[in-house]
Amino acid sequence: MPNSMTDLLKSPPARTPLAEQARLAIGRRNLVFVGLMGAGKSVIGRMVAQQLSLPFMDTDAEIERVSRMTISELFASYGEVEFRALETRVMERLLKGGPRVISTGGGAFINERTRAAIKRDGVSVWLRADLEVLWERVCRREHRPLLKTENPKQTLENLMNQRYPIYAEADLTVESRDVRKETVTAEVLAAIAAMAEGQEK
Ligand SMILES: Nc1ncnc2c1ncn2[C@@H]1O[C@H](COP(=O)(O)OP(=O)(O)O)[C@@H](O)[C@H]1O
Ligand SMILES: O=C(O)C1=C[C@@H](OP(=O)(O)O)[C@@H](O)[C@H](O)C1
Ligand SMILES: [Mg+2]
């Protein structure tokens, strides 16, 4: 929200040359972040959107807005199957309104129908991270219902084993490691720009 008339008159911040290249590469498509809980989809997605001057949406936030419930409440009241059905509908709707940057919840790309929609209308980026990095980021947070188990670190490892072969189907992979978020953001832009160069050859 602009704070003053001066803000309203300001032009949007200029993109860096790397961001400009990445923006051209995306064209009318959406940029979609996939990967496990704690990979940084929500945080990095928002930063990349800012760099590209594209609107940002997070499917979990959108699901919470339309249902007027938290993700934990949805899992508790309706279960995972209903949550996935809602997630697919929200994802299909967001993909139609692009181009935008969309961060998904960790299970979205695992669902066949959601994955097919992302492949059709988006450039997907897998933010890949090691177990220790993910665990360090999620262990103190309480809002992820799938990790409310006896041994959440083991649950995370099991999910890695099940899901990593599927995340690997994403168009691009960027390592989300223990470095500054700005570094990961720049690496995402570089990966998109490099993808476009590869397509031109
Ligand atoms: N280099 C980094 N890249 C991404 N996230 C990072 C990084 N360093 C620390 N974090 C933290 O890790 C957490 C990632 O959470 P989030 O973006 O919600 O992940 P996801 O949406 O993939 O579950 C955030 O608290 C973020 O601040
Ligand atoms: O991995 C998953 O199945 C889930 C990941 C969560 O999103 P984040 O990956 O953003 O934490 C959220 O959608 C829900 O708790 C289920
Ligand atoms: Mg998230």
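Atoms within each ligand, like the ligands themselves, are counted from 1 in listed order.
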Chemist: CZ/Phe33 to CG/Leu172 distance, rounded to the nearest 0.5 angstrom?
Modeler: 9.5 Å
Chemist: Gly38 versus ligand 1: do any nitrogen or oxygen atoms come within less than 3.5 Å of each other?
Modeler: yes
Chemist: Are there more than 12 heavy atoms of other residues, nucleotides or ligands under 6.0 Å from atom CZ of Arg46?
Modeler: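 Count not over threshold, so no.
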Chemist: For atom 15 (O) of ligand 1, state which one of Arg141, Lys41, Arg144, Met37 supplies the nearest heavy atom.
Modeler: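 The option holding the nearest heavy atom is Arg144.
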Chemist: So does Gln154 have more than 12 non-hydrogen atoms from other groups sitting under 6.0 Å from CD?
Modeler: yes
Chemist: Identify whether the distance between the nearest side-chain nitrogen and carboxylate oxygen of Glu64 and Arg68 falls below 4.0 Å.
Modeler: no
Chemist: If I apply the N/O under 3.5 Å rule, does Asp60 come out as touching ligand 2?
Modeler: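 Yes, since at least one N or O of Asp60 sits under 3.5 Å from an N or O of ligand 2.
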Chemist: Indicate, as side chain, backbone, both or neither, the part of Leu146 found under 4.0 angstrom from ligand 2 when only non-hydrogen atoms are considered.
Modeler: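 Within the 4.0 Å criterion, Leu146 contacts ligand 2 through side-chain atoms alone.
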Chemist: Are any of the N or O atoms of His143 closer than 3.5 Å to those of ligand 2?
Modeler: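 In fact, backbone or side chain, His143 has no N or O that close.
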Chemist: Any sub-3.5 Å donor-acceptor pair from Arg115's side-chain atoms to Ile110's backbone N or O?
Modeler: yes
Chemist: Is there a protein heavy atom at a distance of less than 4.0 Å from atom 25 (O) of ligand 1?
Modeler: no
Chemist: Could you tell me if Ser53 and Arg15 have a donor-acceptor pair between their side chains, going purely by distance under 3.5 Å?
Modeler: yes
Chemist: Check for me whether Arg84 has a heavy atom closer than 4.0 Å to any atom of ligand 2.
Modeler: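 Judged by the 4.0 Å heavy-atom criterion, Arg84 does count as contacting ligand 2.
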Chemist: At what distance is the nearest protein heavy atom to atom 9 (C) of ligand 1, and which residue and atom is it?
Modeler: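 The closest one turns out to be Lys181 CE, 3.8 Å.
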Chemist: Any chance OH of Tyr164 has more than 12 other-residue heavy atoms, nucleotides or ligands included, within less than 6.0 Å?
Modeler: yes
Chemist: Distance to 0.1 Å, residue and atom name: give those for the protein heavy atom nearest to atom 14 (C) of ligand 2.
Modeler: Ile71 CG2, 3.8 Å
Chemist: Is atom CD of Glu175 surrounded by more than 12 heavy atoms (other residues, nucleotides or ligands) closer than 6.0 Å?
Modeler: yes
Chemist: Counting heavy atoms only, which of Gly106, Gly105, Gly40, Ser176 is nearest atom 19 (O) of ligand 1?
Modeler: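 Going through Gly106, Gly105, Gly40, Ser176 one by one, Gly40 has the nearest heavy atom to atom 19 (O) of ligand 1.
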Chemist: Does a side chain donor of either Asn161 or Glu157 reach within less than 3.5 Å of an acceptor in the other side chain?
Modeler: no
Chemist: Whether the Thr155 and Arg144 side chains hold a donor-acceptor pair (N or O, under 3.5 Å, no angle test) is what I'd like checked.
Modeler: no
Chemist: Identify the protein heavy atom lying closest to atom 2 (C) of ligand 2, giving its residue, its atom name and the separation to 0.1 Å.
Modeler: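 Sorting protein heavy atoms by distance from atom 2 (C) of ligand 2 puts Gly107 N, 3.3 Å first.
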Chemist: Report the nearest protein non-hydrogen atom to atom 1 (O) of ligand 2: residue, atom name, distance rounded to 0.1 Å.
Modeler: Arg163 NH1, 2.7 Å
Chemist: Counting backbone and side-chain atoms alike, is an N, O or S atom of Ser42 positioned under 2.8 Å from the Mg ion (ligand 3)?
Modeler: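 True for Ser42.
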Chemist: I'd like to know if Arg128 and Asp130 make a salt bridge, using a cut-off of under 4.0 Å between side-chain N and carboxylate O.
Modeler: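 A salt bridge links Arg128 with Asp130.
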Chemist: Which protein non-hydrogen atom lies closest to atom 1 (N) of ligand 1, naming both residue and atom, and how far is it?
Modeler: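 Nearest neighbour among protein heavy atoms for atom 1 (N) of ligand 1, to 0.1 Å: Val179 O, 2.7 Å.
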Chemist: Do Arg84 and Glu87 meet the salt-bridge criterion of a basic N to acidic O distance under 4.0 Å?
Modeler: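 Here Glu87 pairs with Arg84 in a salt bridge, since their nearest N and O are under 4.0 Å apart.
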Chemist: Should the proximity of Arg137 to ligand 1, defined as any heavy atom under 4.0 Å, be assigned to the side chain, the backbone, both, or neither?
Modeler: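 Side chain only.
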Chemist: Is any N or O atom of Gly105, backbone or side chain, closer than 3.5 Å to an N or O atom of ligand 2?
Modeler: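 No: no nitrogen or oxygen of Gly105 is under 3.5 Å from one in ligand 2.
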Chemist: Measuring from non-hydrogen atoms of Ala39 to any atom of ligand 1, is the shortest distance under 4.0 Å?
Modeler: yes
Chemist: Counting heavy atoms only, which part of Arg46 comes closer than 4.0 Å to ligand 1: side chain, backbone, both or neither?
Modeler: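 Looking at Arg46 and ligand 1, no heavy atom falls under 4.0 Å.
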Chemist: For atom 9 (O) of ligand 2, what's the nearest protein heavy atom and its distance?
Modeler: Lys41 NZ, 2.7 Å
Chemist: Under 3.5 Å, N or O to N or O, is Phe83 touching ligand 2 that way?
Modeler: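 Phe83 vs ligand 2: no N/O contact under 3.5 Å.
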Chemist: Nearest non-hydrogen atom to atom 5 (C) of ligand 2 belongs to which of Gly40, Gly106, Pro145?
Modeler: Gly106
Chemist: Does ligand 2 have any atom that is closer than 4.0 Å to a heavy atom of Glu80?
Modeler: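 False for this residue.
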Chemist: Give me the nearest non-hydrogen protein atom to atom 21 (O) of ligand 1 as residue plus atom name, then the distance to 0.1 Å.
Modeler: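 Heavy-atom neighbour on the protein nearest atom 21 (O) of ligand 1: Ser42 OG, 2.9 Å.
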Chemist: Could you name the option among Val43, Val184, Leu36 that has the heavy atom nearest to atom 17 (O) of ligand 1?
Modeler: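 Selected option, by shortest heavy-atom distance: Val43.
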Chemist: For ligand 2, does Arg141 get within less than 4.0 Å through its side chain, its backbone, both, or neither, judged by non-hydrogen atoms?
Modeler: neither
Chemist: Under 3.5 Å, side chain of Lys41 to main-chain N/O of Leu36, donor-acceptor pair present?
Modeler: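 It does hold such a pair.
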Chemist: Using a 4.0 Å cutoff against the non-hydrogen atoms of Arg177, which atoms of ligand 1 qualify?
Modeler: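 This gives 1 (N) as the contact atoms.
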Chemist: Distance to 0.1 Å, residue and atom name: give those for the protein heavy atom nearest to atom 11 (O) of ligand 2.
Modeler: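 Result for atom 11 (O) of ligand 2: Arg144 NE, 2.7 Å.
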Chemist: Are the side chain of Arg137 and the backbone of Ala39 linked by a donor-acceptor contact shorter than 3.5 Å?
Modeler: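 A pair under 3.5 Å: yes.
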Chemist: Is the CZ atom of Arg113 crowded by more than 12 outside heavy atoms at less than 6.0 Å?
Modeler: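 Not more than 12 within 6.0 Å, no.
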Chemist: State plainly whether the residues Arg65 and Glu62 are in salt-bridge range, i.e. N to O under 4.0 Å.
Modeler: yes
